[in-house]
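Working notes, beginning with the structure itself.
Bear in mind the structure is a predicted one, so any value in this text is a computation, not a measurement.
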Amino acid sequence: MLTFSSYFSIEYLIIFLPVSIGAYAVLPQRFRRLSLLASSYLFFWAVSGKLIAYLIFSTLSVHYIGIWLSGIQDSCDRLLESSPKEQRKEIKAQYTAMQRLVVAFALLIHIGTLLILKYTPFFASNINSLFGLLKIPVTLKIPFFLMPVGISFYTLQAVSYIFDVYRRKIRADFNLLRLALFMSFFPQIMEGPICRYSDTAEQLWSVPKIRQQNLTFGIQRILFGLIKKIVIADRLNLLIKNVFAGYENYDGFVIALVAVLYTIQLYMDFSGTMDLTLGTGQIFGMRLPENFQRPFFSKTISEFWKRWHITLGAWFKDYIFYPLSMSRPLKKLTSRARKRLGNHFGPLLAGAIALFCVWLCNGLWHGAGWNYIFFGMFHFALILSGNIVEPFAVSITDKLHINRSGFPYRCMQMIRTSVLVCIGELFFRAPGLKAGLAMFRKIFTDFSLASLVDGTIFELGMDKYDFIIIFISLIGIFFVSVLQERNISLREKISRKNIVIRLGVYYALILFLVIFGAYGRGYVPVDPIYAGF
């Protein structure tokens, strides 16, 4: 039986992906759907084994709950057509209440399963700690559950489908196979992007032919993602792992450096996986939503999170922030606050409540730990404070005649935002909140360049040649990102060159990957980081 742990394994890249593409290409259109669905379930079986039962259960439940909701909506519509006008409001209220109960049932199934599998140990251990402080002689048994890879991602897709059917943005899909393909499409089930039914379901079901341009562009993007992951992210892993595991032994300079390097690793790992995912989707003719748009060009933390993990941010905005901020209690609060605090600060009060809920959920979604909650609250505080002080910042810069759109000011904003992001990622990666606070404290109380001067920094898991390879690779990726930021497509420019230049570029990328990739004797393959969330 073929097994592998990620999109970057040899078995996946050399065997599974080519065979899946080949089968799709040679089969008649009416069989491509089944081929794509079979490949998706075979992939999930290969990475999760018998835990595929969770995916099957999730798919079946959203399928029949969606049909249930549509049945209630159709009954409501028929009754409204035959009812007098004065009764329609009451009928709508009754059927809306019925639908809300069905949605609550769906949330109980899907979010409840995720909470039990992912968060029960965290809550149980914290309850035990509380009992200990209160001297209550009770100790809860801390359970351990096996979780299928990608459960956090496909659960959010399932919930979005139910909510969209409830809101009548889409009709419930009576075709179980089409819905199953939407839920399980193998390039994106492990780490996203988190897709909406209206964006991808019909695309997947249409199973277009594989075209030469899509194949070429898809392979290009896969190669780019492999370089990000294998050359940069995986090369950084050993140093980062060593320092975070024994942070007590290192000074503030090493900790500050590793915070920056981990931020780079996380970005290269996750965006590299997205390149591979979207590249694979493009080969099949599928346009999956982008998940990154050069986040380190952001001028504020708020903008950063509109460019980083875009589909997760959009999910929280559409299914948590807007419903909360537009709820009746918060709309009343906004109205009252606007009268007392003005048009800028008034809406911020209710918005802060919704924003708090979003970032609490964001932190917990990434992991069951206080450091993840702190990570969420850290960004909540930064975004809220940024919204509060924005009028004052505009006023001060105007008085000082500072050009806010000029390059020096924008560059300062980008550096400031990147520093704040690195601080947040330090706590995100730290082995617990207490360790994160201790590491952050060391940056200011134990800062020394001794490890750089005496060369011990090159003995922590990366030598100077590794640093040189990382630096050169980052320069190349930065160059590509600058072009993308200016809406210049390097891929399209290369595609218009003659065959000799095109092949030269492709061979150069492959050769760079082969020579400088982090693999070989003594290398431990690194699973994609976000697959664990």
Side-chain angles (χ1 to χ4, degrees), residues 6-8 150 152-153 156-157 185 187-196 199-200 217-218 220-234 236 260-282 286-318 362 365-366 375 379 383 413-414 417-418 420-422 424-425 428-429 470 473-492 526 528-533:
S6 78
Y7 299 122
F8 298 92
S152 296
F153 291 91
L156 296 192
Q157 287 197 176
F185 185 45
Q188 52 88 211
I189 193 171
M190 183 179 283
E191 293 193 48
I194 300 165
C195 299
R196 310 290 175 88
D199 292 335
T200 59
F217 279 15
Q220 287 175 3
R221 189 148 189 185
I222 288 172
L223 281 173
F224 193 49
L226 287 170
I227 289 173
K228 286 181 178 179
K229 174 71 168 71
I230 297 175
V231 176
I232 302 176
D234 289 2
L236 289 168
V260 174
L261 294 180
Y262 175 69
T263 305
I264 293 171
Q265 182 198 26
L266 185 63
Y267 175 63
M268 293 299 162
D269 185 288
F270 195 14
S271 69
T273 303
M274 289 302 100
D275 287 330
L276 193 144
T277 293
L278 272 65
T280 304
Q282 189 168 13
M286 315 301 171
R287 187 177 180 84
L288 300 176
E290 292 286 348
N291 223 11
F292 289 91
Q293 288 183 343
R294 286 93 45 206
F296 291 98
F297 288 100
S298 303
K299 297 180 287 295
T300 65
I301 289 293
S302 181
E303 182 187 352
F304 180 88
W305 284 100
K306 291 176 183 176
R307 289 169 171 250
W308 175 291
H309 208 340
I310 297 169
T311 56
L312 179 66
W315 195 97
F316 282 128
K317 179 182 69 176
D318 292 343
N362 191 311
W365 181 87
H366 282 92
F375 168 82
H379 285 94
I383 293 172
Q413 287 180 302
M414 287 187 282
T417 300
S418 297
L420 292 173
V421 168
C422 289
E425 298 301 346
F428 185 85
R429 176 61 176 81
I470 294 291
S473 302
L474 289 177
I475 290 296
I477 290 171
F478 176 76
F479 173 74
V480 173
S481 299
V482 169
L483 293 179
Q484 291 173 337
E485 194 71 4
R486 296 180 178 179
N487 295 317
I488 299 172
S489 174
L490 190 60
R491 292 197 297 171
E492 291 182 3
V526 183
I529 296 173
Y530 257 78
F533 302 139

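- Residues satisfying the ring-ring contact (aromatic ring centres under 6.0 Å, His included) test with Phe292, not counting sequence neighbours, are Tyr267, Phe270, Trp308.
- For Phe316, there are no ring-ring contact (aromatic ring centres under 6.0 Å, His included) partners two or more places apart in sequence or in a different chain.
- With sequence neighbours left out, the salt bridge (charged side-chain N to carboxylate O under 4.0 Å, His left out) criterion links Lys299 to Glu303.
- Residues Leu278 and Pro193 have side chains in contact (heavy-atom distance under 4.5 Å, counting atoms from C-beta outward).
- Listed by chain and residue number, Ala233, Leu236, Asn237, Ile240, Tyr262, Ile529 satisfy the side-chain contact (heavy atoms from CB on, under 4.5 Å) test with Gln265 (two or more places apart in sequence, or in another chain).
- Residues that satisfy the side-chain contact (heavy atoms from CB on, under 4.5 Å) test with Phe478, not counting sequence neighbours, are Phe297, Val482.
- Within the 4.5 Å cutoff, no side-chain heavy atoms of Thr417 are placed close to those of Phe296.
- By the ring-ring contact (aromatic ring centres under 6.0 Å, His included) test, Phe185 is found to be paired with no residue, residues two or more places apart in sequence or in another chain being considered.
- Glu485 is linked by a side-chain hydrogen bond (donor to acceptor under 3.5 Å, both in side chains) to Arg294, Arg307, counting only residues two or more places apart in sequence or in another chain.
- Under the side-chain hydrogen bond (donor to acceptor under 3.5 Å, both in side chains) criterion, Gln188 pairs with Gln157, sequence neighbours left out.
- Nearest heavy atoms, Gly192 versus Thr277: O-CG2, 3.7 Å.
- Taking the side-chain contact (heavy atoms from CB on, under 4.5 Å) definition, one finds that Ser302 meets it with Thr300, Lys306, Ile383, sequence neighbours left out.
- Taking CG of Leu312 as the reference point, atom CD1 of Ile194 lies at 4.5 Å (rounded to 0.5 Å).
- For the pair Pro289 and Thr200, the tightest heavy-atom approach, listed with the atom from each and the gap, is CD-CG2, 4.3 Å.
- Summarising the geometry of Asp269 relative to Thr273, their closest heavy-atom pair is O-OG1, 2.8 Å, with the distance given to 0.1 Å.
- Counting only heavy atoms from C-beta outward, the side chains of Ile189 and Phe153 never approach each other to under 4.5 Å.
- The SG atom of Cys422 sits 10.5 Å away from the CG atom of Leu266 when rounded to the nearest 0.5 Å.
- Looking at every heavy atom in both residues, Phe8 comes nearest to Leu276 through CE2-CD1, 3.8 Å.
- With a 4.5 Å cut-off on side-chain heavy atoms, Arg491 and Phe224 do not count as touching.
- Distance check, rounded to the nearest 0.5 Å: CD1 of Ile310 to NZ of Lys317 gives 10.5 Å.
- Take Asp318 and apply the side-chain hydrogen bond (donor to acceptor under 3.5 Å, both in side chains) test, not counting sequence neighbours, and it matches Arg196.
- Taking all atoms of both residues into account, the shortest heavy-atom contact from Cys195 to Leu288 is SG-CD2, 4.3 Å.
- For Asp275, the salt bridge (charged side-chain N to carboxylate O under 4.0 Å, His left out) test picks out Arg221, Lys228, with sequence neighbours left out.
- In this structure the side chain of Ile264 reaches within 4.5 angstrom of the side chain of Met268, judged on heavy atoms.
- Under the side-chain hydrogen bond (donor to acceptor under 3.5 Å, both in side chains) criterion, Asn291 pairs with His309, Thr311, not counting sequence neighbours.
- Here OG of Ser298 is found 9.0 Å from CE of Met414. Values are rounded to the nearest 0.5 Å.
- Under the 4.5 Å side-chain criterion, counting only non-hydrogen atoms from C-beta, Trp315 is not in contact with Trp365.
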